[in-house]
Amino acid sequence: MAELIPTARDVIAGSGEVRLTARTQVHAGTGTEGVGRWLRGVLWQATGLPLHEAREPDDTGGDGIGLRLDPGLGPEEYRLVSDGTGVLIEGGTAAGV
């Protein structure tokens with residue numbers, strides 16, 4: 001598993017994978033727009049893929065990345081889910097995301 005900072009408190013491993021492709025889109029929900037711009041830039045540098053911005057969460061398809069806030073999480077807590085529907089990163093604040 002890749003190194004995560006901060007370290008995850010719990011990891012629940014499942015099966016499956018999400019591949020980034022030229023069709024992959026990132027949807028940044030309200031309050032995570034800056035994180036979305038940063039993530040698209042970092043992943044573009046690492047992969048050369050454009051990773052366009054999705055207008056709606058459902059537009060990301062099965063290989064998309066969704067970013068959103070979850071007020072039930074602490075300020076820098078996060079939840080990362082990767083499954084057949086894509087990747088979802090939730091945080092208590094943008095810093096958590």
Side-chain angles (χ1 to χ4, degrees):
M1 182 168 88
E3 295 296 319
L4 297 176
I5 300 173
T7 303
R9 178 177 49 197
D10 294 312
V11 175
I12 301 170
S15 61
E17 62 184 33
V18 174
R19 293 181 185 251
L20 300 180
T21 69
R23 295 179 335 187
T24 300
Q25 296 185 57
V26 176
H27 178 266
T30 302
T32 67
E33 297 88 353
V35 178
R37 284 188 295 277
W38 173 82
L39 182 62
R40 284 193 309 279
V42 167
L43 291 176
W44 174 75
Q45 288 178 346
T47 66
L49 296 172
L51 300 179
H52 299 288
E53 183 176 351
R55 296 186 191 275
E56 298 293 329
D58 294 338
D59 291 345
T60 61
D63 63 354
I65 301 170
L67 309 173
R68 71 178 179 206
L69 300 179
D70 179 344
L73 295 172
E76 293 193 16
E77 287 184 316
Y78 65 90
R79 179 181 305 113
L80 187 149
V81 178
S82 174
D83 60 22
T85 63
V87 176
L88 174 62
I89 304 169
E90 298 175 303
T93 64
V97 174

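These figures come from a predicted structure and were not determined experimentally. Note that these values count all heavy atoms, side chains included, but never hydrogens, waters or copies made by symmetry. This chain uses plain numbering: 1 for the first residue, then up along the sequence.
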I'd like a table of donor-acceptor pairs (distance under 3.5 Å, sequence neighbours excluded) in which one partner is a side-chain atom from residues 36-44, with atom names and distances.
unit_1	atom_1	unit_2	atom_2	d
R40	NH1	G36	O	3.3

- When hydrophobic residues are tied together by side-chain contacts of less than 4.5 Å, even through go-betweens, does L73 share a cluster with V81?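 In one cluster with L73: V81, no.
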
- Item | Partner residues of I89 under the side-chain contact (heavy atoms from CB on, under 4.5 Å) criterion, sequence neighbours left out |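 Applying side-chain contact (heavy atoms from CB on, under 4.5 Å) to I89 gives I65, L67, L80, V87, V97.
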
Can you name the closest pair of heavy atoms from [X] and [Y] and give their distance?
| X | Y | answer |
| --- | --- | --- |
| V18 | S82 | CG2-OG, 3.5 Å |
| P50 | A22 | CG-O, 4.1 Å |
| L69 | T93 | CD2-C, 3.4 Å |

- Task: Could you note down all residue pairs passing salt bridge (Lys or Arg N to Asp or Glu O under 4.0 Å) where residues 87-97 supplies at least one of them, sequence neighbours left out?
- Result: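 Matches after skipping sequence neighbours: R68-E90, R79-E90.
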
- Straight-line distance of E53 CD to H27 NE2, nearest 0.5 Å: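 One finds 7.5 Å between CD of E53 and NE2 of H27.
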
